[in-house]
Amino acid sequence: MSNFIPGQPLVAVVQRIEIKKLRQGDNLILGFSIGGGIDQDPGQNPFSDDKADKGIYVTRITPGGPAETADLRMGDKIMQVNGYDMTMMTHDQARKRLTKKNEDIVRLLVTRKSLEEAVKNSMGGYQRQ
Amino acid sequence: MDNESQYSGYSYKSSHSRTSRKHRDRRDRHRSKSRDGSSRGDKSVTIQTPGEPLLDAESTRGDERDDNWGETTTVVTGTSEHSISNEDLTRITKDLEESTPLECKRFVGPVLGGVLSFFALLTPLAFLILPQVLWREALEPCGTPCEGLYVSLAFKLLVLLISSWALFLRPPRATLPRFFVFRCLLMVLVFLFVASYWLFYGVRVLEPRERDYRGIVEYAASLVDALLFIQYLALVLLEVRHLQPAFCLKVVRSTDGASKFYNVGHLSIQRAAVWVLDRYYSDFSVFNPALLNLPRSILSKKMTGFKVYSLDESSTNNSSGQSRAMIAAAARRRDNSHNEFYYEEAEMDRRVRKRKARLVVAVEEAFTHIKRLHEDEVASSPKHPREVMDPREAAQAIFAPMARAMQKYLRTTRQQAFHSMESILTHLQFCITHNMTPKAFLERYLSPGPTVQYQQQNGRGRQWTLVSEEPVTSALRQGLIFSLRRLDFSLVVTVMPLPFLRLGEEFIDPKSHKFVMRLQSETSV
């Protein structure tokens, strides 16, 4: 994860993940759990590097669910959902964005530490900020 | 000639008919000045020729005086408002208080009880003394056991005496309309006991001249024991049983809706009524008849509607139809009286507050004029001779600057009937004597106090009427409604049971109070 400086633009390497919602009874589920948000306590987040990061993180993946199939991993930080920015959201707003009833597919942009490493390694000595 | 119905504002109740003609004429002259609360805003002024007697309450004798209609007679139509001007109010209350005579009926019960208990207390002594007096020589001597019995007898009698004095020797608080069931029961019980003991005594001891004195002493001791137990019963029935709360009484005053809730125990209706009245005098603010209804200027607008005349000959079913038509028409008309009411209330509030401010300032200033002279202050130098006053004179000295502000304030809040100048001076003297601040002096006038504050101590008692659909000696139960009526208002009492409480228990270990920081909440989507 990039270092987060409030007020400065955030640069991160992201992966595009497309999840098709699964219909279970009356609900459309995605198959993972989120944590975090600007109204939550960031110090409790086990997945973030920077303990001041109040972004939305994936805390749990239901085995066999649509998220697992789409290669979402635990600890991912969700940067965008269907074009909407998720870095400055309350927990409830994030939940609502993900569970809109009229959307069948959600396209997420997620970032994880391993992505940065991968980019760094592949780019050699080129340091990104 | 006005077509609107005129409100005289001064229709009197029929109880006034017994006042003398002189009073009535005086009242007539007073009436021509319009008073504050009643005829403000009236467009028409009623002039009454002094020769005409006033209309008695519900009579509308205007029909008989068609030739003078509109000139000299007041016609009371529709809802007649009963209102009394304030001077008449004080005069009436004085009349009523003085006319209830001191009744001897009040003392019959206690006197009877007193005689009976006196008789009962003397009986054991009589049992002991009579054999000694009558056949002393023939009695067997009785040693130590008798002395023990004497001592115990004496002490038990002493206890009986003291507890009777403590519990029952009190001036009666009220006369009840029916017999007080428990008290009668107890008196009958005491009477039966004592009578049966005397009977046995007469037959078994006096007749055959019993010689076993110890037996007689034991007999007397057993009577005293029985009396002690009856007194225990009396204590429980009369004093203790009604202490545990079982019902909640809602007491509402019929004229202005002032209400209070009280918890009482098991009582009969009449005893509950006395209980409520005891609380009424110290809890309810005093009844001020001048503060009753909406000002007539607002209400009168409603009644200046049209009258419905029926042209049919049949008069059987027309009255209901007519009134219904009138009510429907009145409801359909657009009615702004609430608007006027609101503005009038606001204006009244503003006026009261202004007068109150003036009063407070005047009183504060007046109190700064005097100060207390301490004993160790030397009599002042001859240059400034100070006149030393006693509280009465000091009160009179500082009353003058605040008198006007006080009178205006009392007029605005319609309290002037309750406070005469003499009473204000007395109160001022009282406050000065006890080093009270101006605010303490004013607390009596700024808010209407409980009724007991305005009572004169004349021991004649107050006449209340208990109105009830059930017999008044029956016990209270849920849903009972009775009312206590006085001449111009009544208190309606509703009985509600207190709910049964099911109390559960939950034990919390003091070591179980532990806290953690809140984890991030996790929502599954």
Side-chain angles (χ1 to χ4, degrees), chain A residues 19-22 24 27-48 51-63 65-68 70 72 74-78 81-82 86 89-101 103 106 108, chain B residues 245 247-250 252 257-263 331-332 334-343 345-347 349-350 352-353 356-357 439 446-447 478-479 494 496-525:
Chain A
I19 309 182
K20 270 202 190 47
K21 289 194 190 178
L22 179 68
Q24 229 186 34
N27 308 325
L28 283 168
I29 63 162
L30 286 163
F32 63 98
S33 301
I34 54 167
I38 54 177
D39 56 339
Q40 303 285 318
D41 180 10
Q44 306 273 338
N45 192 345
F47 307 109
S48 60
K51 287 306 171 188
D53 185 5
K54 294 188 173 182
I56 308 288
Y57 283 80
V58 175
T59 52
R60 203 172 56 88
I61 310 267
T62 330
E68 198 184 18
L72 190 66
M74 202 166 74
D76 288 354
K77 175 175 174 181
I78 304 179
V81 170
N82 282 348
M86 297 293 264
M89 280 265 174
T90 66
H91 188 92
D92 208 43
Q93 282 170 342
R95 178 190 59 84
K96 281 185 188 157
R97 282 259 169 269
L98 283 165
T99 53
K100 285 218 177 303
K101 282 208 187 311
E103 292 168 353
V106 285
L108 309 175
Chain B
F247 297 102
C248 184
L249 299 182
K250 176 174 182 180
V252 183
S259 69
K260 286 253 165 14
F261 288 83
Y262 296 117
N263 282 4
R332 260 180 262 129
R334 205 183 53 152
D335 158 35
N336 275 340
S337 57
H338 54 84
N339 220 3
E340 293 189 22
F341 179 52
Y342 168 70
Y343 282 116
E345 284 256 295
E347 174 69 28
D349 273 343
R350 207 178 59 86
V352 166
R353 265 193 299 229
K356 177 177 159 182
K439 199 164 171 188
L446 291 181
S447 56
Q478 173 189 11
T494 318
M496 297 171 278
L498 289 175
F500 181 73
L501 303 169
R502 264 190 221 105
L503 215 55
E505 183 207 345
E506 183 179 325
F507 173 68
I508 296 185
D509 186 6
K511 286 201 277 281
S512 71
H513 295 296
K514 295 200 188 310
F515 292 92
V516 290
M517 287 294 292
R518 194 200 308 210
L519 293 172
Q520 281 204 314
S521 57
E522 191 185 337
T523 328
S524 56
V525 291

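Chain A is the first sequence line, chain B the second, and so forth, proteins listed ahead of strands; every chain is numbered from 1.
Annotation: B:Glu347, atom CD; neighbour count of heavy atoms from other residues, nucleotides and ligands within 6.0 Å is above 12. Atom NZ of B:Lys439 sits in a sparse spot, with 12 or fewer heavy atoms from other residues, nucleotides or ligands closer than 6.0 Å.
The CD atom of B:Glu522 sits 8.0 Å away from the NE2 atom of A:His91 when rounded to the nearest 0.5 Å.
Only the side chain of A:Leu98 comes within contact range of chain B, with heavy atoms under 4.5 Å apart.
Annotation: salt bridge (charged side-chain N to carboxylate O under 4.0 Å, His left out) contacts of A:Lys96 (sequence neighbours excluded): A:Asp92. Under the rule for a side-chain hydrogen bond (donor to acceptor under 3.5 Å, both in side chains), the partners of A:Ser33 that lie at least two apart in sequence or sit in another chain are A:Arg60.
Among the candidates A:Ile34, A:Thr99, A:Thr62, the residue making the largest number of heavy-atom pairs closer than 4.5 Å to chain B is A:Ile34.
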